[in-house]
Amino acid sequence: MEMQQEANQQQGSEVSPNQTIYINNLNEKVKLDVLKKSLNDVFSHFGKILEVKAFKTLKHKGQAWVVFEEAESASTAIAKMNDFPFYDKRMRIQYAKTKSDVVAKADGTFVPREKRKRHEEKGGKKKKDQHHDSTQMGMANSAYPSVYGTAPPLSQVPYPAGVKPILPEAPAPPNNILFVQNLPHETTPMMIQMFFSQYQGFKEIRMVEAKPGIAFVEYADEMQSTVAMQGLQGFKIEQDPMLITYAKK
DNA sequence: AGCACA
């Protein structure tokens, strides 16, 4: 008969809706400023953001708080973005458990908290148990809810309308094609061919008229592309140093 | 896994 109440307790935890969302399962390899900026970019689709907070302490990495001006924005954000692939991991989003300081300050209810448990700042250099270095980027998470059935590859997950996918800026793995950026817009293939063709294995330059300033340079194999990259990295065509990375496949 | 406010 009544089977409509499950929508309310999607997290299995009882936290009342409020204007701050708590996000975890974030990719811990992403630098903090980049992470916060990307979170801001993504979540500003749902309303005005007052603040984005994230920390890199052991207890808090992989997590972030996004404070909206309106609680409704937070609700929409959760509904639309929970399990959203973000830097190759699915964001898990809930309402934050406690009121954010910015909000309390606006409320007038802010009371400076007592010194909490002394934050373990990184004073010593003990790093015994942090060797989880296994790169698990791109592994589908098997434990996420029903909507997609069995987890599809992240690359196939549909994105909510109006939200651009955030592609990991993680460097592409070494391969035989180089991606060259920061070229003067007048650059022609011939101009840079002079440089790239002096390296063994050079095959071709590809440029797209619609996208000035970039080029793809193909070599026979990744050894050769790597040598060329190392030789030409930062080389200045006019005055701007070119930025060379491996192309995404 | 882990809910803070440098």
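Letters A, B, ... are given to chains in the order of the sequence lines, protein chains preceding strands, and every chain is numbered from 1. Everything quoted here is computed from the prediction, not taken from an experiment. When reading the values below, keep in mind they use all heavy atoms of this one structure, side chains included, and skip hydrogens, waters and symmetry mates.
DNA chain B lies under 4.0 Å from at least one heavy atom of each of the following residues of residues 63-71 of chain A: A/Gln63, A/Trp65.
Regarding A/Lys53, its NZ atom lies at a distance of 8 Å from the C1' atom of B/dA6, rounded to whole Å. Atom CG in A/Asp107 sits about 19 Å away from atom P in B/dC5, given to the nearest Å. Atom NZ of A/Lys36 is separated from atom C1' of B/dA6 by 10 Å (rounded to the nearest Å). Taking atom NZ of A/Lys56 as the reference point, atom P of B/dC5 lies 13 Å away to the nearest angstrom. Across the protein-nucleic acid pair, A/Leu58 atom CG and B/dG2 atom P stand 15 Å apart, rounded to whole Å. Spacing between atom NZ of A/Lys59 and atom P of B/dC5 amounts to 9 Å, rounded to whole angstrom units. For the pair A/Phe55 CZ and B/dA1 P, the interatomic distance rounds to 21 Å; values are reported in whole Å. We find that CE of A/Met91 is positioned 19 Å from P of B/dG2, with the value rounded to whole Å.
Contact annotation: A/Lys97 side-chain N/O to B/dC3 OP1/OP2 distance is under 4.0 Å.
When the nucleotides B/dC5, B/dC3, B/dG2 are ranked by their closest atom to the side chain of A/Arg113, B/dC5 comes out on top. When each of B/dA4, B/dA1, B/dC3 is scored by its nearest atom to the side-chain atoms of A/Glu28, the top-ranked nucleotide is B/dA1. The A/Lys61 side chain lies nearest to B/dG2 when the options are B/dG2, B/dC3, B/dC5.
Taking A/Asp33 as the reference, nothing meets the salt bridge (charged side-chain N to carboxylate O under 4.0 Å, His left out) condition, with sequence neighbours excluded. Under the salt bridge (charged side-chain N to carboxylate O under 4.0 Å, His left out) criterion, A/Lys53 pairs with A/Glu51, not counting sequence neighbours. Every residue was checked against the side chain to side chain donor-acceptor pair (under 3.5 Å) condition with A/Thr187, not counting sequence neighbours, and none meets it.
Residue pairs that meet the side-chain hydrogen bond (donor to acceptor under 3.5 Å, both in side chains) test with at least one member in residues 219-231 of chain A, sequence neighbours left out, are A/Thr226-A/Tyr246.
The base of B/dA4 does not come close enough to the side chain of A/Thr57 for any donor and acceptor atom to sit less than 3.5 Å apart.
Within the nucleic acid shown, A/Lys105 has no heavy atom closer than 4.0 Å to any nucleic acid atom.
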Just list the side-chain donor-acceptor pairs under 3.5 Å for residues 194-202 of chain A, sequence neighbours left out, or say none.
{"residue": "A/Ser197", "atom": "OG", "partner": "A/Gln193", "partner atom": "O", "Å": "2.6"}
{"residue": "A/Gln198", "atom": "NE2", "partner": "A/Phe195", "partner atom": "O", "Å": "3.1"}

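Residue-to-nucleotide proximity on DNA chain B shows that, of A/Gly62 and A/Lys99, the 5′-proximal contact is made by A/Gly62.
The backbone N or O of A/Ala247 lies less than 3.5 Å from a partner atom in the side chain of A/Asn175, making a donor-acceptor pair.
Within the 4.5 Å cutoff, the side chain of A/Ile21 has heavy atoms near those of the A/Phe68 side chain.
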